[in-house]
2 protein chains.
Amino acid sequence: MTSTRDRLTEAMADLLWERGYAATSPHDVLAKAGVGQGSMYHHFSGKHELAVAAFRSAIDTLIAESRVLENENDGSTPLDRIEGYLQRPRPGTKGCRAGRMTQDPQVVQDPELLAEVARAFDTQADRWTRAVEQAIEAGELPGTIPAQDLALALSAVLQGGYVLARAHGSQEYMDRAVRGAVALLEAARAQTGTTKETA
Amino acid sequence: MTSTRDRLTEAMADLLWERGYAATSPHDVLAKAGVGQGSMYHHFSGKHELAVAAFRSAIDTLIAESRVLENENDGSTPLDRIEGYLQRPRPGTKGCRAGRMTQDPQVVQDPELLAEVARAFDTQADRWTRAVEQAIEAGELPGTIPAQDLALALSAVLQGGYVLARAHGSQEYMDRAVRGAVALLEAARAQTGTTKETA
DNA sequence: GTCTATACATTGATAGAC
DNA sequence: GTCTATCAATGTATAGAC
């Protein structure tokens, strides 16, 4: 049994992903949540406060997903984890819950919403960076590569993949971009001498 | 001396970049162009037609910039051109004129606007692909890399760089993502230089 | 706590004077 | 061709009944 408050935040979270912040009206949220006009203003001061609450919990979920990069004791090598995380299924044409928001002027000008977006990327970047450092230490990637920069580049491939997929209305573009990145990582891995058989 | 019509398209093009399509109202455009309420509806059927005209010419400009990838006879190697193009100055926090639009639901649902976005990416992808193919033929990159996929990955790094830069309100993130990609390309280049590939 | 009814500003477009 | 004045619809928020 979900409370009215929870139904409001869930509806808002869904619409934030689907349409973004500016394009989501209180009316839409109320209709989707199946509650009357005034209810939202009982639980929240307005659209903004509801959006912050909804977005915060959505980002929490998102952040949890990148924990895969940290599974250091499951027998996988760091580079395997990096490539595995890159290749996780991702809904390209829907876009990234976080990355999507960076193109909304109202979000970028809103310190609270922007902070949530930044939080998502910061956490992810830290995990990417650690995984890359470990791959370098393990000799899977050459030490000439700056770990933090490569981490951002890999993060950018995913974010850019969403953009390309949406531009063409096709998942294919996301998948190919990821494949290209993995192929380049493999080329760099081969160089270090710890070559892995890839059929 | 610029005509009223030109001032309208210029104002719309600027605002499309700054705020996107949905967030730009006719009123804003008219104010920026310095013309009265009705003038826009004399030259165009409405906001949509004006936006299409303005966006089309903006995309033409954008497409012209990636011609650098095609300068095959200026003494540069293909991989040099690729890295040079990656490292061109790009206004990260402003975002990409084309990529930005893919997060606007109204744009994605609009066949004419979406077609312009796709046109920009298609042209760019073709040029990236050709350059990568040439780099492989020249022995600068290993033949194990699928050219088209790497082309999309590099395109994605740039688009993702914009996203990261906007998420943090800092150009730095775009620059680092590009640096990471270049470092990885260099690692792959080193390999083909030292080892003979069985193409 | 939830609802209906309403207020008020903004959006996208039109009418019609000059 | 350009302008001012206006309109209907929508977006966001409030009032007040139950």
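For the numbers below, each heavy atom of this structure counts, side chains included, while hydrogens, waters and symmetry mates do not. Below, chains carry the letters A, B, ... as their sequence lines are ordered, and counting in each starts from 1.
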Original post:
In terms of side-chain geometry, is the basic nitrogen of B:Arg90 or B:Asp175 positioned less than 4.0 Å from the acidic oxygen of its partner?
Top reply: no
**OP:** Respond yes when some side-chain nitrogen or oxygen of B:His48 is under 4.0 Å from OP1 or OP2 of C:dA13, and no when none is.
**Re:** no
**OP:** Measure the distance from CG on A:Leu8 to P on C:dG1 and round it to the nearest whole Å.
**Re:** 14 Å
Subject >> Nucleotide C:dA7, atom C1' - distance to OH of A:Tyr41 in whole Å >> reply: 12 Å
**OP:** Starting from C1' on D:dT2, measure out to CZ on B:Arg5 and report it in whole angstrom.
**Re:** 15 Å
Subject >> B:Lys47 to B:Tyr21, cation-pi by 6.0 Å centre distance and 45° axis angle >> reply: yes
**OP:** Measure from the side-chain N and O atoms of B:Arg179 to the backbone N and O of A:Asp149, and report whether any donor-acceptor pair falls under 3.5 Å.
**Re:** no
**OP:** Among C:dT2, D:dA13, D:dT2, find the nucleotide with the atom closest to the side chain of B:Thr4.
**Re:** D:dT2
Original post:
Taking for each residue the nucleotide of DNA chain C bearing the nearest heavy atom, is the 5' side occupied by B:Gln106 or by B:Gly38?
Top reply: B:Gln106
**OP:** Answer yes or no: does a side-chain N or O of A:His42 lie under 4.0 Å from OP1 or OP2 of C:dC3?
**Re:** no
**OP:** Begin from the C-alpha positions of A:Arg81 and A:Ser76 and carry the test side chain to side chain donor-acceptor pair (under 3.5 Å) through to its verdict.
**Re:** CA-CA 7 Å; A:Arg81 285 200 297 280; A:Ser76 62; 3.2 Å; yes
Original post:
In whole angstroms, how far is the P atom of D:dG11 from the CG atom of A:Leu15?
Top reply: 12 Å
**OP:** Using whole Å, report how far CZ of A:Phe44 lies from P of D:dT12.
**Re:** 16 Å
Subject >> Residues within residues 23-33 of chain A bordering DNA chain D, heavy-atom distance below 4.0 Å >> reply: A:Thr24, A:Ser25, A:Pro26
Subject >> Atom-to-atom span, CD of A:Gln37 to C1' of D:dT14 - whole angstrom >> reply: 11 Å
**OP:** Report the distance from atom OH of A:Tyr41 to atom CG of A:Leu50, rounding to the nearest 0.5 Å.
**Re:** 9.5 Å
Original post:
Separation of B:Asp110 atom CG from C:dG12 atom P, in whole Å?
Top reply: 14 Å
**OP:** Nearest 0.5 Å please: distance from the CG atom of A:Leu141 over to the CD atom of A:Glu133.
**Re:** 12.0 Å
**OP:** Figure out the CE/P separation between A:Met12 and D:dT12, and round it to whole Å.
**Re:** 9 Å
Original post:
OP1, OP2 of C:dC3 versus side-chain N and O of A:Ser39: anything below 4.0 Å?
Top reply: yes
**OP:** May I ask you to decide whether B:Arg7 forms a salt bridge with B:Glu10, counting only side-chain N to carboxylate O separations under 4.0 Å?
**Re:** no
